[in-house]
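So you know, we letter chains A, B, ... as the sequences are listed, proteins then strands, and number each from 1.
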Amino acid sequence: MSYDDVEIEDMEWNEELQSYTYPCPCGDLFQITKEDLKLGEEIARCPSCSLYITVIYNMEDFLGSSDQNRTNKGLQPSKQQAVTVA
Amino acid sequence: MFGWINRVMEESEKLKTEENGESEEITWSWGAGTDGLPLDLKDSANAAIVADPSFEVTANSKTLPFVEEKKESGDRLWSWGAGTDGQLGTGRIQDEHLPRQLSLPSVSSLACGGAHVIALTSAGKVLSWGRGNSGQLGHGEVVNNMLYPKAVTSLENYFITHVSAGWSHSGFVSDTGSLFTCGDGSFGQLGHGDHASHCSPVKVSCFVDQHVAEVACGMRHSLVLLKGCLSSQVYGFGSGKRGQLGFSKDKIKSINLPKVVSGFEDVDIVGIAANGDHSAALSVDGNLYTWGRGFKGFEDSHLPQCLNSTLKFTKATLGWNHALAMTGDGEAYMLGGNHLGVLKDLRNECSDSREANLKKVPGLDGIKITDIATGAEHSVLVTENGEIKTWGWGEHGQLGLGDDGDQLSPVTVSLGYDLNEAASTKVYCGSGFTFALTKP
Ligand SMILES: [Zn+2]
């Protein structure tokens with residue numbers, strides 16, 4: 001079951017992730033790419049848990065846009081520092 | 001690093017699994033259950049006491065953080081749940097399904113946000129850790145993850161008395177009534193009159209002539225409670241789309257300067273809360289007001305609504321779809337909560353009454369409670385018997401029960417420590433994680 005319905009205007013564009021994002025109750029972010037939106041995908045998933053939201057948007061708003069002019073000035077992904085046990 | 005102790009259990013679990021038996025000699029020093037099984041309280045309390053921060057563990061744990069010093073404050077701190085940004089303070093980036101004991105001397109209270117934690121010491125100093133990618137840790141730089149508590153040095157000249165952590169912003173109140181904010185400001189939630197983000201706490205100039213008592217940070221908005229200012233005591237700023245700013249019946253997308261919340265002209269407010277798109281306030285006579293996103297099945301409310309109840313509440317906390325409230329008699333009630341922070345399915349109970357949405361937390365059998373906390377979709381309470389109970393969404397281990405399952409009603413968490421030995425136990429929730437703090 002979808003956790004919530006969220007309008008695209010309430011989602012934030014994240015350069016680093018190259019996705020529209022919205023807070024997930026687990027602490028991570030629900031994410032959906034422009035490519036997904038162009039294809040009519042309306043489910044934004046969280047990479048850290050099983051939850052997903054339904055994105056409310058007009059597909060037409062995304063059909064004309066291009067990602068090519070987007071430059072990735074985002075931060076490097078965080079270095080995973082989890083301790084491993086030999 | 002303020003004697004930050006990390007009693008790591010995972011190595012022992014792995015050893016137990018892999019080497020089967022050889023782990024016995026080291027499990028004593030962790031003071032927590034293994035394999036999800038609760039330990040006998042007596043034994044584990046002993047185990048917790050003998051645990052020494054300076055112990056050398058096995059060769060397998062060479063990467064454990066080393067602790068230089070521990071002040072014997074007697075405070076005990078545990079964390080569990082989502083740890084993907086280092087918010088558990090365990091020194092690692094991973095979820096914990098069982099409580100792990102940490103130690104931070106003289107912590108008087110905590111504030112937990114989306115994935116960061118702010119600790120306030122009894123000396124009025126501030127430490128923070130966890131996710132810092134929006135500047136919410138206040139360390140003067142943007143860091144993705146801070147795995148250990150680090151002092152917020154720019155506030156060292158102030159005695160901080162109150163802190164709050166939102167989804168990605170933070171608020172700090174000094175004993176002189178100054179308010180500082182940092183972190184994500186893109187919705188105006190820092191209150192500086194713009195949409196800039198800050199990685200060091202910045203004084204909110206709107207309140208320089210006022211005495212701020214409390215700040216409450218939600219997902220994308222903030223509330224402020226002033227002291228000695230009856231006619232205009234609660235302010236809101238940031239995103240207002242769901243009505244969470246509470247100053248206008250009209251839909252307000254966002255504001256970046258504090259504005260007075262309506263409806264408290266003749267009410268003495270003594271406490272405020274914000275989480276998700278919810279806002280709440282408690283009056284001195286125990287009335288609970290809520291505004292913002294409607295709890296399950298109810299419309300958003302753009303102005304504060306007083307819960308029409310004869311109950312007198314002394315504390316209220318908010319999740320993303322539910323609220324918990326505690327009465328002076330030590331009873332716990334829940335508002336909303338048939339989402340993930342589930343208690344029961346209300347679908348068959350059609351009612352127009354918000355009051356009907358208020359349910360007594362079941363399964364307590366008359367046991368009084370002494371504290372409450374709410375994560376985005378989970379709930380925690382402390383009983384007078386010194387037990388911590390959790391329920392709701394458990395996928396990240398935020399219930400601390402050793403698994404990732406959900407619970408419909410309160411279940412006792414084993415800290416491996418007899419909470420009856422603690423004079424006070426307080427609980428705090430971030431979005432998907434939980435902290436417990438005990439004082440002797
Ligand atoms: Zn998630």
Considering only heavy atoms, which portion of [X] lies under 4.5 Å from any heavy atom of chain A: side chain, backbone, both, or neither?
X: B:F187; result: side chain
X: B:S239; result: neither
X: B:N275; result: neither

Over 12 non-hydrogen atoms of neighbours within 6.0 angstrom of CD in A:E9: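 Counting other residues, nucleotides and ligands, CD of A:E9 exceeds 12 neighbours.
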
B:H396 side chain reached by A:D28 side chain, heavy atoms, under 4.5 Å: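 No - every pair of side-chain heavy atoms lies 4.5 Å or more apart.
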
Separation between CH2 of B:W320 and OH of A:Y3, rounded to the nearest 0.5 Å: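 Result: 6.0 Å between the selected atoms.
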
Side-chain (B:R131) to main-chain (A:G27) donor-acceptor, under 3.5 angstrom: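 Answer holds: yes.
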
Under 3.5 Å: donor-acceptor pair, side chain of B:E395, backbone of A:S50: yes

Contact winner vs chain B - A:C24, A:P23, A:C26, heavy-atom pairs under 4.5 Å: A:P23

Salt-bridge contact A:D10-B:K253 (side-chain N to carboxylate O under 4.0 Å):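 Salt bridge: no.
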
Residues B:W393, A:L51; criterion side chain to side chain contact (heavy atoms under 4.5 Å, CB included); working and verdict: CA-CA 11 Å; B:W393 188 41; A:L51 302 184; 3.5 Å; yes

